[in-house]
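These numbers come from the heavy atoms of this one structure, side chains and all, not from hydrogens, waters or symmetry mates.
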Protein chains: 2
Amino acid sequence: MVTVTEQVISEIRERILDGKYGPGAHLHEATLASDLGVSRTPIRDALRVLANEDLLVYYPNRGYIVRSVELSDVLDAYDVRGTLEGLACRVIAERGMDDAGKAAFLEIIEQGEEIFRSPEWGPAQQAAWRALNSQFHYALLEASHNRHLDPIMRQIRFFPRIFDSRLNPDSDFFQKVHTREQRLRSHHDHVHIVEAMMRGEGARAEALMREHVYANRELLRGAFEAVSNQTEEEDQAA
Amino acid sequence: MVTVTEQVISEIRERILDGKYGPGAHLHEATLASDLGVSRTPIRDALRVLANEDLLVYYPNRGYIVRSVELSDVLDAYDVRGTLEGLACRVIAERGMDDAGKAAFLEIIEQGEEIFRSPEWGPAQQAAWRALNSQFHYALLEASHNRHLDPIMRQIRFFPRIFDSRLNPDSDFFQKVHTREQRLRSHHDHVHIVEAMMRGEGARAEALMREHVYANRELLRGAFEAVSNQTEEEDQAA
DNA sequence: AAAACCAAGTTTGCATGCAACCTTGGTTTT
DNA sequence: AAAACCAAGGTTGCATGCAAACTTGGTTTT
């Protein structure tokens, strides 16, 4: 991270994703500047970039507000992600993988096996899985050799994180999404997808990837709707 | 267009797409500023945005250079576009269209019929078709109700334009891509896609859209490779 | 002769000042 | 009383100045 502006971009982005600035909140340049201990210039640069990433909405001469993110936006992000990662799987299967690519995927699969070899499912295993999962999806983008996919996916991937911040990590619902069983299923999905790609089965690899993402989409939907119903009941009780 | 910065963004973007700044060219802030008659501030804002759109590459403390765009980048852009517009067609078919959507598509089809009713294919018809074609693809994004598709497609759509600027509009090859026959085929594709969507045939609508975009991708590939071969021969002759 | 070094000039990064615009509360007008 | 108006305060938009980083050509060192 070389320049102050880059740091400011990351910092403000994190705050938005963590829900510290709620939907519709007006981001005041001078306040942010004194808050982060820099001048308005890097703040302004950062806001422009974040508006470009669709996290903020820009109103000329009036500033930036935090974009409101509905459940439907997150589900739509999953649709786009599943479709594009499906594309990646198909072209990888069709064009074939080089040796480095094959080695990368086999290594990721092996590390996954390692995680699930023990029946434990504590914070260490969960963190290891999260990292490995990211690796898998980035390896796909890389192996596809399509230079557009990475920047697009980078933006799309932000949106689910906004919702993660609304789900309490200790809640039943969050735990329901991140059970060992569900993640083991994800791991098996990855195995099948890699097998299909290595066999050159493009259509099958694409379909498997779509379904893989779709399953997680529905898992998140279920968890979030359960949370919504719960808070509604609480509201009625109060 | 309210602020100077917005104008500067558009102006520099157009210059890049028109090929006025070649691949790898270093964009010098002070030069651009005096060139456009503004200070460095809006220039810097604009460069950041364009780097975010992947038209420029940013090197911290060293500035921005124009991203080099190869044929493969444009073909990849078509892959992404076909895939995402295929997604749009599928969800439209699955969720169903509202009356306004149906009216919009039927209107576009009707205007297409109007263009091809006469056998003429002059600049007026070509311009009318181009406008109508854009309308069709934007109507799709709108009817899909997926808020991510529009900003993604906006970026992806830039890349073919860079290559259009390299194809001489008077050349045989450019004409070969934009013949009345090819565009009539596109119009018929649109008709079939709309029919499939209205019948709720999601998988078919998706496949048709993919193939529609793919056909145009291959047309551009052929035209550009022909141009490349031609210039190679000229180089050898010289 | 090649590599490392150095200093002057150039370019970008950030801070700050001022002008333009927008928001607001209160006042006037109808 | 409602709507239009107006002025003061506040916020953003753009210009400019200075410091930090990079680039360069030439010089010294090995």
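- Between A:F159 and B:H148, the angle of the ring planes goes over 60°, which puts this pair in the perpendicular group of the 30/60° scheme.
- Rounded to whole Å, atom P of C:dG13 lies 13 Å from atom CG of B:L27.
- Within residues 39-58 of chain B, the residues approached by DNA chain C to less than 4.0 Å at the level of any non-hydrogen atom are B:R40, B:R44, B:Y58, in residue-number order.
- A salt bridge links B:E6 to A:R48: one of the charged nitrogens lies within less than 4.0 Å of a carboxylate oxygen.
- Residue B:H28 has a polar side-chain atom (N or O) positioned under 4.0 Å from OP1 or OP2 of C:dT12.
- Using the Watson-Crick or G-U wobble rule with both distances under 3.5 Å, D:dC22 pairs with C:dG9.
- Annotation: side chain of A:D35 is in contact with side chain of A:R15 (closest heavy-atom distance under 4.5 Å).
- Rounded to whole angstrom, the span from the CD atom of A:E29 across to the P atom of D:dT12 amounts to 5 Å.
- Atom C1' of nucleotide D:dC14 and atom CG of A:N61 are separated by 11 Å, given to the nearest angstrom.
- Rounded to whole Å, atom P of C:dC14 lies 10 Å from atom CD1 of A:I9.
- Under a 4.0 Å N-O distance rule, the pair A:R90/B:D79 does not qualify as a salt bridge.
- Nucleotide D:dT29: paired with C:dA2 (Watson-Crick or G-U wobble, both distances less than 3.5 Å).
- Here the P atom of nucleotide C:dT11 and the CG atom of B:L32 are 12 Å apart, to the nearest Å.
- Considering A:R154, A:R13, A:R67 as possible partners of A:E53, the one that fulfils the salt bridge (charged side-chain N to carboxylate O under 4.0 Å, His left out) test is A:R13.
- Salt bridge annotation for B:D76-A:R95: present, with a cationic side-chain nitrogen under 4.0 angstrom from a carboxylate oxygen.
- When each of C:dT11, D:dC22, D:dT12 is scored by its nearest atom to the side-chain atoms of B:H26, the top-ranked nucleotide is C:dT11.
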Shorter than 3.5 Å, N or O on both sides, protein versus nucleotides 23-25 of chain D: list them out with atom names.
| unit_1 | atom_1 | unit_2 | atom_2 | d |
| --- | --- | --- | --- | --- |
| D:dT23 | OP1 | B:R62 | NH1 | 3.3 |

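- Ring geometry, A:H190 versus A:F136: the interplanar angle falls under 30°, so the pair is classed parallel (tilted spans 30 to 60°).
- For the side chain to side chain contact (heavy atoms under 4.5 Å, CB included) with A:S186, the lone residue among A:N133, A:N216, A:L219 that qualifies is A:N216.
- A:D54 and B:R147 are not joined by a salt bridge, as no carboxylate oxygen comes within less than 4.0 angstrom of a charged side-chain nitrogen.
- Contact between the side-chain N/O atoms of A:T5 and the OP1/OP2 oxygens of C:dC14 is found at a separation under 4.0 Å.
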